Amino acid sequence: RIPDESEPVDGTQVRTILSKEWGRNVEAVLLGFDETPHSSRLVYQTHYGRCVDGTPVRVQIVNPGFQQLVERDGPLLNLLRPAFVSIGRNDVLIERVIADFMRFLPQYLDRQADMDGMLSLAEDAQIFEDLAAPRILENLSTPLVRTVERLPGWSLDEMLAVSEDGTSYAHESPKNLDLGLTDVACRTSFVWLRQALFGRHYPVEISPRDICILPTHKIVFQDGLFTSLPSVAQDHVWQYLQATAAQDPDTAFNYLMQEM
């Protein structure tokens with residue numbers, strides 16, 4: 001799997017992008033802004049800041065050169081086929097993988113679709129007590145910049161942190177969180193599955209840094225690619241899971257085959 005990380009855009013360029021997108025200086029919007037990104041992905045990087053009203057925020061900025069990079073290098077992917085074939089990879093399979101990758105890229109680059117997914121996730125959180133969603137500051141969000149409230153909690157990568165000397169702190173729970181890692185894992189899996197089967201959108205392509213647990217034990221999907229299942233598919237998967245739990249292989253098989 002290709003690592004979802006890249007060299008960050010420098011702080012001066014970041015401020016230039018924000019000022020242009022917001023139509024005013026960064027200092028007029030944010031009391032504090034960390035120019036060192038919290039994370040830097042292929043498509044965008046995330047910075048922490050605090051609005052003038054005191055709201056802590058995550059500011060995501062699309063890498064301005066990534067779209068041009070895709071347009072330039074995308075057509076060249078087929079040149080890699082001989083290299084993969086030479087190490088025993090199936091030529092037809094490689095062709096399908098490249099085609100799937102190129103179909104996936106527009107969805108990955110569509111930040112507006114991600115924003116729509118987060119908005120519907122916030123609406124679902126109103127009726128699903130184990131789910132929380134950050135508030136999107138729409139007046140500070142554009143096609144190149146997304147600004148969302150930074151909720152007080154701990155991301156899974158923080159809970160699974162390993163120090164520089166190799167010491168793992170995975171056995172330690174954050175202060176004020178009366179749940180162990182096993183409890184957090186079970187709760188996260190339950191919330192994700194419930195959202196996939198009964199919600200309007202659910203996250204895919206997520207990493208531990210995208211998942212946060214609040215002191216209230218609510219799960220937050222801070223980032224990722226958001227998608228949805230048709231209602232018919234949701235019902236089939238739900239019926240399949242119930243049949244599997246009831247040890248009814250015939251019914252489980254019938255529902256599973258409808259989705260294959």
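What you see is a predicted model; the values in this text were computed from it and never measured.
- Using a 4.5 Å heavy-atom threshold, the side chains of L197 and V237 count as touching.
- Cluster annotation: L241 is connected to F190 through the hydrophobic network of ILVMFWY side chains, with a link wherever side-chain heavy atoms come within less than 4.5 Å.
- No side-chain donor-acceptor contact under 3.5 Å links D235 to the backbone of V232.
- Here CZ of R58 is found 11.5 Å from CD of E149. Values are rounded to the nearest 0.5 Å.
- For the pair D130 and K218, the salt-bridge criterion is not met [side-chain N within less than 4.0 Å of a carboxylate O].
- Q126 contributes atom CD, which lies 13.0 Å from atom CD of E129 (distance to the nearest 0.5 angstrom).
- Using a 4.5 Å heavy-atom threshold, the side chains of F221 and C212 count as separate.
- Between atom NE2 of residue H236 and atom CD of residue Q258 there is a gap of 4.0 Å, rounded to the nearest 0.5 Å.
- Checking Y48 against H38 by side-chain atom types alone, a donor-acceptor pair falls below 3.5 Å.
- Contact check for L137 versus V57: side-chain heavy atoms found under the 4.5 Å cut-off.
- With a 6.0 Å cutoff to the six-membered ring centre and a 45° limit on the axis angle, R15 does not count as a cation-pi contact of F33.
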CA sep, side-chain torsions, deciding dist, call: Y202, F226, side chain to side chain contact (heavy atoms under 4.5 Å, CB included): CA-CA 5 Å; Y202 66 99; F226 293 89; over 6 Å; no
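- Minimum heavy-atom separation, G153 to P215: CA-CD, 4.3 Å.
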Worked verdict on L140 versus V145 for side chain to side chain contact (heavy atoms under 4.5 Å, CB included): CA-CA 8 Å; L140 297 178; V145 175; over 6 Å; no
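- No donor-acceptor pair closer than 3.5 Å links the side chain of T55 to the backbone N or O of C51.
- In this structure, T46 contributes its side chain and V59 its backbone to no donor-acceptor pair below 3.5 Å.
- Remark: the S120 side chain and the H201 side chain contain an N/O donor-acceptor pair separated by less than 3.5 Å.
- Side-chain atoms of N25 do not come within 3.5 Å of backbone N or O of E27 as any donor-acceptor pair.
- Minimum interatomic distance between V62 and P143 (heavy atoms only, all atoms of both residues): CG2-O, 3.9 Å.
- Ring to ring, F198 and W238 are close: their centroids are under 6.0 angstrom apart.
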Residues I211, I219; criterion side chain to side chain contact (heavy atoms under 4.5 Å, CB included); working and verdict: CA-CA 7 Å; I211 303 169; I219 298 297; 4.1 Å; yes
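- Q234 places a side-chain N or O within donor-acceptor distance of the main-chain N or O of A196, the cut-off being under 3.5 Å.
- Here OG1 of T12 is found 11.0 Å from CD1 of I17. Values are rounded to the nearest 0.5 Å.
- By the rule that hydrophobic residues join a cluster once side-chain heavy atoms approach within less than 4.5 Å of another member, M257 and Y240 end up as members of one cluster.
- The distance from the CD atom of Q242 to the CG atom of D248 is 11.0 Å, given to the nearest 0.5 Å.
- A 4.5 Å side-chain heavy-atom check between Q195 and D124 finds at least one atom pair inside the cut-off.
- Both V204 and L119 are members of a single hydrophobic cluster when ILVMFWY side chains are connected at heavy-atom separations under 4.5 Å.
- Relative to the six-membered ring of F128, R194 meets both conditions, a distance below 6.0 Å and an angle of at most 45° to the axis.
- Hydrophobic clustering (ILVMFWY, side-chain heavy atoms < 4.5 Å, transitive): V26 and L31 are in distinct clusters.
- Pairing each heavy atom of S155 with each of Q222, the nearest pair is CB-NE2, 4.4 Å.
- Under a hydrophobic clustering in which Ile, Leu, Val, Met, Phe, Trp and Tyr are joined whenever their side-chain heavy atoms come within less than 4.5 Å, directly or via other members, L181 and V220 fall into different clusters.
- The structure places CG of D157 at 8.5 Å from CG of D210, a figure rounded to the nearest 0.5 Å.
- In this structure, the side chain of R24 does not engage the main chain of A28 through any donor-acceptor pair within 3.5 Å.
- Although no hydrogens or angles enter the test, the distance criterion places no donor-acceptor pair under 3.5 Å between the side chain of Q239 and the main chain of A252.
- A 4.5 Å side-chain heavy-atom check between R200 and S228 finds every atom pair outside the cut-off.
- At a cut-off of 3.5 Å, with distance as the only test, no side-chain donor of T251 or N254 sits close to an acceptor on the other residue.
- Counting heavy atoms from C-beta on, the side chains of H47 and T36 never come closer than 4.5 Å.
- For the pair L18/I61, a side-chain contact is recorded, criterion being any heavy-atom separation below 4.5 Å from C-beta on.
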Chi angles and distances behind the side chain to side chain contact (heavy atoms under 4.5 Å, CB included) call for H217, R187: CA-CA 8 Å; H217 301 172; R187 180 172 287 269; 4.0 Å; yes
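- By the 4.5 Å heavy-atom criterion applied to side chains, L151 and L214 are counted as neighbours.
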